[in-house]
Structures are given as C-alpha cells and as structure tokens.
Protein chains: 2
Amino acid sequence: MSIVALTKVPRPSKEQRIDTIVESARKVFCACGFEKGSIVDIAADAGIAEGTIYRYFDGKRGLLDEVLRRHYAAIFDDVQQTLPAIEGYGNRLRYLIRRVLLAISSNRGMCGLITRDLRQFDTTQPSLAQSLNHQIGILMADEIKAGIKRGDFRSDVSPGIVCDMIGGGLELIAWSYMTNGKAIDVDKVTNAISRTVLSGIESNNATTASLASLVTRLEQTADRLDSA
Amino acid sequence: MSIVALTKVPRPSKEQRIDTIVESARKVFCACGFEKGSIVDIAADAGIAEGTIYRYFDGKRGLLDEVLRRHYAAIFDDVQQTLPAIEGYGNRLRYLIRRVLLAISSNRGMCGLITRDLRQFDTTQPSLAQSLNHQIGILMADEIKAGIKRGDFRSDVSPGIVCDMIGGGLELIAWSYMTNGKAIDVDKVTNAISRTVLSGIESNNATTASLASLVTRLEQTADRLDSA
DNA sequence: TCCAGTAATGAATAGCATTCATTATTCGTG
DNA sequence: CACGAATAATGAATGCTATTCATTACTGGA
C-alpha cells in the first residue's frame, strides 16, 4: 500500500483539452495515417483515456476532420494576407498554385492524410473536411472569373473545369509524391502548370509564321525606302 | 432425420471459382463501397464460406485490386481498338478524355471505388491497382510527346504535368459526381477540358485585334509605297 | 463542508478481417 | 470399384479496434 503525494493539477479548460487531443491526433495521424493511427495511441499521447475523446468528438472521423480543418485554416489565413498584394489575375493564380505545392511538399504526413484519407466520403453525411480542397478551388475560380470579366482570359473558358484541372493536377502530383517519395521541384512544377493553363499546349506556328513573313516584307520595304 | 437427395454438383474449376468470387466482390463493393462491403456479404453472394475466399486471394484488399484490374482491362481493350483509328494527336487526346468520362458516368459504384478506395496506398507495398490510372496517363502522354515531336504542340510543355492536370481534373469531376450526384454532361466537359488543354485560358483578343489592325495599316502603306 | 453537476475512466461491447483445425471432395492407382 | 493421399471448403475461434456506458473522480457554488 503506497501513499503517494501528487500535486493535484487542476483539470485543463475545455479549450485546452480539445487542443491537446487535436494535437495528439495530428501527430499520430501524420505519423501512421488515419487507418493505422488508433484512438488508443492518440489517447496515450494526450495522456487521457479513450473515452474522454468521445466527450469532445463524434468519433475518429470527426477528429480527423478537425485536424484537417485547422491545417487548412492556417493556409487560408496565409493566403488571405498575401493574395491581395499580388497584381494581375494570372499572377494570383500562379501564387495559389505555388502555395498549394509548398503546403504539399513541406508536410508529407499531412499530404498523406489529404490525398489518402480526405476522400473517404460518406454519401449520407458530407463532412466539412470534404469541402476544404474545394475552398482553394473557389479562390482560383474567383481569379479566373474576374480575369474573364476584365478580358484577360477568354470568355469561353469554364472556370470550374479549369479549377478542377489545376486542383486535380496538384492532387495527383501530391499523390505521386506520397507513393514514390521523390521531392517536388516547386518552381518547376508551378511554371509548368501556369504555362499550360495560361497558354495551352498548342503551338501557334500559324501566327508566328504570318508574323515572320510580315517582318520580311517590312524589311524589304524599309530597304527600298532607304535606297530611294 | 431427413434424407435429402441432392444432385451432387461437381466443384467448379479454379477459374470459375475465382470468377464467381470476383463478380460477387464487384457487386458488393460497387453497392456498399470497400469499407462497408464485408467479406461475409461477398461469401454469401458467391454461395461459399468466408475462408474459401482466402484460398484464392490475399485478403480483402487483393480482392478489390482484382475487381479494379478487370474493370480497367476492359477499358484498355476498348481504347486499344479505337485509338489507332483516330487521326491527329489532339483528336486522340480528346477521345481519351471522353472515354474516361464515359467510364466514370456510366458506373457510379465503380466510380466510387476508384475515387475513394483506389487511393488507399500502403507505402510498404504498392499495389497493382495504384498504377491503373497511371496507365491511362501514359496513353495520353504518348500522344502529347508525339505531338510535340511533330510540332503540333509546343516544345516547352511537360507531358507529365499536362497528363496530371487532365487525369487529376477527371478524378475531381468524378469525385464531385460521387458526392453531389449530379449527372456529368460528357460532351460539354470533354470540350471544356480539350479546349483548355489545347489553347489555354489566356485571351489573345487584344493582341490579335491590335496585330490585325496593324497588319492592315502596314499593308496599305506598303501598297502605297509599291505604287509610288 | 457538503452536494449536485460535470468530466474522466477503462472495462465491456460489437463488428469485421483473417486464421486454422476439421470435414468433405476429388482423383489417380491397385 | 475401392482406397487413400492430396486438395478444397468450412465456419467457429482469434485478434484487433472503434465506440459505449456504468462507475468513479473532480469542481465550484451554497
């Protein structure tokens, strides 16, 4: 029979407890993934019993949602501070692409959660987390729509489809980063995506050729004028 | 005590048994998804015991892989028959995009498996199924590379990135089809993607218009000079 | 100090993939 | 046809985890 004198620490506030749980969940999920990261692990890391987690969260899924929500919130904050300072729709679009690539390549564990586990939709109850990638898509779509209105972008483009292509492309790049592990060359990829989106892949030989012949003709004319 | 006279059906061949199991798995997975579709359900549908499945497959995951492999194989067969008959790199690219959209929109259950469950990678052992989407990407990349070589496409485009953008875009469209259920307008989406990939989104209205008027003016000047 | 009300606990529950000792069937051979 | 290894099928038992809930521990006001 041992009598132990423990300094009784007061219970943490509701907010502190939630923060502790979410942080432990983040650590465990990032390290092991959603499936393999168990509630027992998270509880152990947070220094509490499993049951306690269920007082604050609907379940494992809800916990993941909150982890992801906080991750995206930080990115959104950053973006909202930076975006307005950038001039030009094309440049802002380019910044958004680059920002996502940075987020992907700077946190492999989170990248795994996003590419692997965010997708687990439940047709009955769409979760908050599902709309997070979509939010970034909305930011991009806003730029494109504004660009169309101003005439910088063609009026026949579908902003939604273009955003899907950018967002989907970024996701595939993230996914292949997760599976093959090769580092992402952020600037190179940013350039490739931006260039493709803005200019497409078709060569405009016809235009170039007609311009070239025009130049030739003007040069000849100029020569004649000189000699006259 | 009942004496029942059952016509003893001979055991099916290994191949038949595998086909039965895979077909039952396809039905169950398509109806319930990978997580919720249980081995018991599949065994019941196939009219066998759960244990039997494990004689033929590594486990639930391996079973899904085979279901997906067969689904993709059918598409590949179809594509390989059709593709060579189409003239022009841009047109073949367009066909591939349309073919994938058709596959997506014609089979919602399978679409769910692809967008939701195919992604469950295990960093330790990459599965066959993971490379299936990639295969289609390779077909597209081939067209793009050939198009670059022939001068139809700009030489500074990155085929891999463009394929990621097309493939990723298609996946996002599939995903949003799964979550919001709205039917996909195959032709409209095919057009939007093709147009974006080929021509980009930047309007060259201003440039074209100003160049055109410049050309006109220069031509008039040149004519006047010539006649002088 | 006491006592509702609130929070935390962790053993019990439940669901499901996977295993494996047991039973049934097949088929080559005497 | 009969026998008996070899092969296939079975389904109860196992193990793992998320989730629940009766019980216990704390807290803050009267």
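Note on naming: letters A, B, ... go to the chains in the order of the sequence lines (proteins, then strands), and numbering restarts at 1 for each one.
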Would you say a side-chain N or O of B:Tyr54 is under 4.0 Å from OP1 or OP2 of C:dT19?
no
Nucleic acid contacts - residues 16-27 of chain A versus DNA chain C, non-hydrogen atoms under 4.0 Å
A:Arg17
B:Ala174 meets the side-chain contact (heavy atoms from CB on, under 4.5 Å) criterion, sequence neighbours left out, with B:Ile104, B:Cys111, B:Thr115
Answer with base, sugar-phosphate or nothing: what part of the nucleic acid does B:Phe57 contact at a heavy-atom distance below 4.0 Å?
nothing
Results of side chain to side chain donor-acceptor pair (under 3.5 Å) for B:Asn180 - residues two or more places apart only:
none
Sorted by number, residues from residues 45-53 of chain A placing a heavy atom under 4.0 Å from DNA chain C are A:Ile48, A:Ala49, A:Gly51, A:Thr52
To the nearest angstrom, how far is A:Arg55 atom CZ from D:dC21 atom C1'?
11 Å
With A:Arg108 as the cation and A:Tyr177 as the aromatic partner, state whether NZ or CZ is under 6.0 Å from the six-membered ring centre and within 45° of the axis.
yes
Can you list the residues that meet the side chain to side chain donor-acceptor pair (under 3.5 Å) rule with A:Arg70, with sequence neighbours excluded?
A:Asp19, A:Glu66
Please list, pair by pair, any protein nitrogen or oxygen found under 3.5 Å from a nitrogen or oxygen in nucleotides 14-17 of chain D.
none

Set of ring-ring contact (aromatic ring centres under 6.0 Å, His included) partners for A:Tyr89, sequence neighbours left out
none
Do any N or O atoms from the side chain of B:Gln16 and from the backbone of B:Ser13 form a donor-acceptor pair under 3.5 angstrom?
yes
Send over the distance from B:Lys14 NZ to D:dA9 C1', rounded to a whole Å.
15 Å
Mind checking side-chain contact (heavy atoms from CB on, under 4.5 Å) for A:Ser194 and listing every partner two or more places apart, or none if nothing turns up?
A:Arg94, A:Ile97, A:Thr190
Nearest whole angstrom, please: distance from the P of C:dT9 to the OH of A:Tyr56.
9 Å
Suppose we screen for side-chain contact (heavy atoms from CB on, under 4.5 Å). Which residues come up paired with B:Leu102, at least two apart in sequence or across chains?
B:Arg98, B:Arg99, B:Val186
Test: salt bridge (Lys or Arg N to Asp or Glu O under 4.0 Å). Region: residues 156-165 of chain B. Which pairs qualify, not counting sequence neighbours?
A:Arg195-B:Asp156, B:Arg154-B:Asp156
With salt bridge (Lys or Arg N to Asp or Glu O under 4.0 Å) as the rule and sequence neighbours excluded, what pairs involving residues 37-57 of chain B come up?
B:Lys27-B:Asp45
Salt bridge (Lys or Arg N to Asp or Glu O under 4.0 Å) partners of residues 135-149 of chain A, not counting sequence neighbours, each pair once:
A:Arg92-A:Glu143
